[in-house]
Colleague: 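Dropping a structure here in structure tokens format, bear with me for questions.
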Number of protein chains: 2
Amino acid sequence: MTETIPPRAPRPARGPSMADVAERAGVSTQTVSRVANGLTNVEPATRDRVLQAMQVLGYRPNKAARALRSGRFRNIGITMFTLSTYGNMRTLDGITVAAAAAGYSITLVPVRDPTQEAVSSAFTNLVEQAVDGIILLIEAHLVDNSEVELPPGLPVVVVDSGARADYPVVDNDQTEGARLATQHLLDLGHDTVWHVAGPEGSYPASRRHESWRDTLQAHGRAVPPLFRGDWTAASGHALGLEIAHRPEITAVFAANDAMALGIMSALHESGRRIPQDVSIVGFDDMAESDSFWPPLTTVHQDFDLVGQRSIEILLEEIEHAPIVPVRSIVPVRLVLRASTGTPPHAP
Amino acid sequence: MTETIPPRAPRPARGPSMADVAERAGVSTQTVSRVANGLTNVEPATRDRVLQAMQVLGYRPNKAARALRSGRFRNIGITMFTLSTYGNMRTLDGITVAAAAAGYSITLVPVRDPTQEAVSSAFTNLVEQAVDGIILLIEAHLVDNSEVELPPGLPVVVVDSGARADYPVVDNDQTEGARLATQHLLDLGHDTVWHVAGPEGSYPASRRHESWRDTLQAHGRAVPPLFRGDWTAASGHALGLEIAHRPEITAVFAANDAMALGIMSALHESGRRIPQDVSIVGFDDMAESDSFWPPLTTVHQDFDLVGQRSIEILLEEIEHAPIVPVRSIVPVRLVLRASTGTPPHAP
DNA sequence: GGCTTGCATGTTTACGTCAACATGCTAGTC
DNA sequence: GACTAGCATGTTGACGTAAACATGCAAGCC
């Protein structure tokens, strides 16, 4: 007697198809299709029969078949490094909401780390995804240098104004934000402003850095050496300890709120008062910045609008195809709170 | 003479298909398929010709056709309210990374707001997505009460231990976390511990609340009235102002770090010292908590592990089909920092 | 009554891929 | 030399849907 080992469940049955619904309702698949798509030229009685059959069988349309037929997926790919920075997270949130409102879904394609290799591998991955378009939330220069080319016909929007001119771009006004921050500190009477920048390869980091430098130069002020962080509060803290030891530093512009938080923490630890001894400005306006101690003066970015614009432009490209490399810069504004004040020896 | 208005580009040509590649390489589509799938039984010379043709034409496999053929999408749907809470964001991050490692992509299905109606509408949406399984990052009770049923055959994992027993569950150990926090404050010598809870409908919020209460009762301590926040730092700040006016409050357990931050900010404002006058414990261990002022004692959650476990269990269900409602509780640990200390009048 | 018109419904076909089966060539065996 | 085994490659068909085209019936018109 032979023991028959049951074959490892060869994949549970597929769901019911239009054919099943059609059979049960006694109509053709085409009529089912018409009901499923809400076309009007169906007898109410027939429609009801079909709807009931769908209900009973638990029919749900097969998206793959639909996509195959129509050539459209109604799905957008998003490539990004990490959700762990506030800006990325909030931008993704904005994009997701805007996409959902337009009836598109979102496929996340994570990039392990900000290296050329990881980006190329993500692109390879992306190319095989069922997407109608792509939003790149990664450092543009890595896009430009990637060996893997994005498929030519595929609509792309880049959220980083450092991108090659041939893609449409959406970004916050980094330059204006850094200018506002630096100017604000100068206006308070500080001789100059020190800067804690983001990591080297980052485009927003360099934009903020350049704009800070330009603003100082425009006012004929000394441009102090740069502090280089990596966006994290921990890096801000490490640099903050150094800042605390240098009494000549009275004004610091941090390239994001998390680093500003770390700096403030180091200053507290070292017994330096904010803003009496040192003034701090951040960048992002995180939901928590208002509850930092002291509440942080910072540059507010409208991430929801960035997400919304990105989707708008991408859908325009997808649905009407004229690939015009638009450049959409979203305005920022300075939010004044308690972390900034006049310098220690001001009149 | 008739002006012919060109019809609004009826959708640019589709990308090249296997047939195009086959034609160019002078082989059959099946051979192209074999090359595309890395099968070995192809003459090296033929393979090269096919690969070159793919290269030239910029061929990328059509996922919809593949999915249609195989009945699998290699895609997982994630339903969640908002990315704006630290826990959600980090869990999503963990899930995304784990899914990518397993060769699956992620489709986000946002839920506008935590109402029954929005959840039902998201489910309707979800049902039409091309997904092989679903991870629910929403309050379980809204799932249970939804009028829209999830399709019966579809594998589901819930990240919320309040879920119905018929779905597998992954969650942080909320109960143990709240116990650790409360116990720590009692051990320091505080008579009792006050609690700032999360919003009413939230399951993690009630778990933490109940465990705090149980721990106090187990030690025969008074259970003070509850403060009710909404997870945001702003709500913490508002409640913190009240706490600051009540000198009998010496120890506070906040249900998350953001609210703890808000509370501390209000205490600073009111001139109350932390931890000399009031001790605070949070929950989450945000990346920034170490840089709060003072650095926050809090309960660390391993969100990456939650994401990883969720994917593991879901893939097991998808690929091997035995739907066993597992319950996977991820351990937490207390991180001691500077926001807690002995009570004001301790010996 | 013979005709068109309009509308509900049915039939056919193609979308791109890949499993299953078919073919045909080469090399090895007696 | 006849036969077989093994392997590269080709052909067919099905997955579920929807556009395009076809059918067939009833109402309206002269």
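So that the names make sense, note that chain A is the first sequence line, chain B the second, and so on, each numbered from 1.
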Colleague: For DNA chain C, which residues of residues 23-41 of chain A approach it to below 4.0 angstrom with any heavy atom?
Modeller: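 The stretch gives Val27(A), Ser28(A), Gln30(A), Thr31(A), Arg34(A), Asn41(A) as the residues lying under 4.0 Å from the strand, ordered by number.
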Colleague: Check residues 59-67 of chain A and write down every donor-acceptor pair under 3.5 Å in which the side-chain atom is one partner and the other belongs to a residue at least two apart or another chain.
Modeller:
| from | atom 1 | to | atom 2 | distance (Å) |
| --- | --- | --- | --- | --- |
| Arg60(A) | NH1 | Val127(B) | O | 2.6 |
| Asn62(A) | OD1 | Ala64(A) | N | 2.7 |
| Asn62(A) | OD1 | Ala65(A) | N | 3.0 |
| Lys63(A) | NZ | Gln129(B) | OE1 | 3.4 |

Colleague: Whether Arg66(A) contacts dA18(D) is assessed here as follows: a side-chain N or O lying under 4.0 Å from the phosphate OP1 or OP2. Is that the case?
Modeller: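 Checking dA18(D) against Arg66(A), a side-chain N or O does come within under 4.0 Å of OP1 or OP2.
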Colleague: Could you tell me the separation between the CZ atom of Phe73(B) and the C1' atom of dG16(D), rounded to a whole number of Å?
Modeller: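 One finds 10 Å between C1' of dG16(D) and CZ of Phe73(B), rounded.
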Colleague: How close do Ile106(B) and Thr96(B) get, counting heavy atoms only, and between which atoms?
Modeller: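 Closest approach of Ile106(B) to Thr96(B): CG1-CA, 4.1 Å.
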Colleague: Which residues pass the salt bridge (Lys or Arg N to Asp or Glu O under 4.0 Å) test with Asp304(A), not counting sequence neighbours?
Modeller: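 For Asp304(A), the residues satisfying salt bridge (Lys or Arg N to Asp or Glu O under 4.0 Å) (neighbours in sequence not counted) are Arg90(A).
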Colleague: Of all residues at least two apart in sequence or in a different chain, which pass the side-chain contact (heavy atoms from CB on, under 4.5 Å) check with Glu23(A)?
Modeller: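 Glu23(A) satisfies side-chain contact (heavy atoms from CB on, under 4.5 Å) with no other residue.
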Colleague: With the side chain counted from C-beta on, respond yes when Ile311(A) and Ile135(A) share a heavy-atom pair under 4.5 Å apart, and no when they do not.
Modeller: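 Ile311(A) reaches Ile135(A) side chain to side chain.
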Colleague: Hey, could you give me the CD/CG distance between Glu319(B) and Asp132(B), rounded to the nearest 0.5 Å?
Modeller: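 Taking CD in Glu319(B) and CG in Asp132(B), the distance rounds to 8.5 Å.
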Colleague: For Ala101(A), which residues count as a side-chain contact (heavy atoms from CB on, under 4.5 Å) partner, sequence neighbours excluded?
Modeller: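 Per chain and number, Ala101(A) pairs via side-chain contact (heavy atoms from CB on, under 4.5 Å) with no residue.
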Colleague: Could you give the CZ-to-P distance, from Arg60(A) to dT17(D), as a whole number of Å?
Modeller: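 Taking CZ of Arg60(A) and P of dT17(D), I get 11 Å after rounding.
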Colleague: Send over the distance from Leu57(A) CG to dG16(D) P, rounded to a whole Å.
Modeller: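 Rounded to whole Å, this separation is 13 Å.
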Colleague: Can you tell me the distance, in whole Å, between the CZ atom of Arg72(A) and the C1' atom of dA18(D)?
Modeller: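 One finds 15 Å between C1' of dA18(D) and CZ of Arg72(A), rounded.
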Colleague: Could you list the residues that satisfy side chain to side chain donor-acceptor pair (under 3.5 Å) with Asp93(B), not counting sequence neighbours?
Modeller: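 Partners of Asp93(B) by the side chain to side chain donor-acceptor pair (under 3.5 Å) criterion, ordered by chain and then number, come out as Ser84(A).
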Colleague: Reading DNA chain C in the 5' to 3' direction, which nucleotide is the first one with an atom under 4.0 Å from a heavy atom of chain A, and which is the last?
Modeller: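 Nucleotide range with atoms under 4.0 Å of chain A: dA8(C) to dG16(C).
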Colleague: Spell out, as yes or no, whether a donor-acceptor pair under 3.5 Å connects the side chain of Asp171(B) to the backbone of Val159(B).
Modeller: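 No, because the side chain of Asp171(B) does not come within donor-acceptor range (under 3.5 Å) of the backbone of Val159(B).
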Colleague: Mind checking what makes side chain to side chain donor-acceptor pair (under 3.5 Å) contact with Thr29(A), not counting sequence neighbours?
Modeller: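 Result, side chain to side chain donor-acceptor pair (under 3.5 Å) vs Thr29(A): none returned.
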Colleague: What is the distance, to the nearest angstrom, from the OH atom on Tyr59(A) to the C1' atom on dG16(D)?
Modeller: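 Value for this atom pair: 8 Å.
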Colleague: Can you name the residues that form a side chain to side chain donor-acceptor pair (under 3.5 Å) with Thr107(B), not counting sequence neighbours?
Modeller: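 For Thr107(B), the residues satisfying side chain to side chain donor-acceptor pair (under 3.5 Å) (neighbours in sequence not counted) are Asn75(B).
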Colleague: Show every donor-acceptor pair shorter than 3.5 Å between a side-chain atom in residues 44-52 of chain A and any protein atom, with sequence neighbours excluded, or say none if there are none.
Modeller:
| from | atom 1 | to | atom 2 | distance (Å) |
| --- | --- | --- | --- | --- |
| Arg47(A) | NH2 | Leu39(A) | O | 2.8 |
| Arg49(A) | NH1 | Ala25(A) | O | 2.7 |

Colleague: Can you measure from CG (Leu108(B)) to CD1 (Ile76(B)) and round to the nearest 0.5 angstrom?
Modeller: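 Leu108(B) CG to Ile76(B) CD1: 12.0 Å, rounded to 0.5 Å.
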Colleague: Using C1' atoms of five pairs at each end, report the bend of the helix from dG1(C)-dC30(D) to dC30(C)-dG1(D) rounded to 10 degrees.
Modeller: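 Helix axis angle between the two ends: 60°.
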Colleague: Using heavy atoms and a sub-4.0 Å distance, could you list which residues of residues 43-55 of chain A are near DNA chain C? By number, please.
Modeller: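 Hits under 4.0 Å, by residue number: Glu43(A), Thr46(A).
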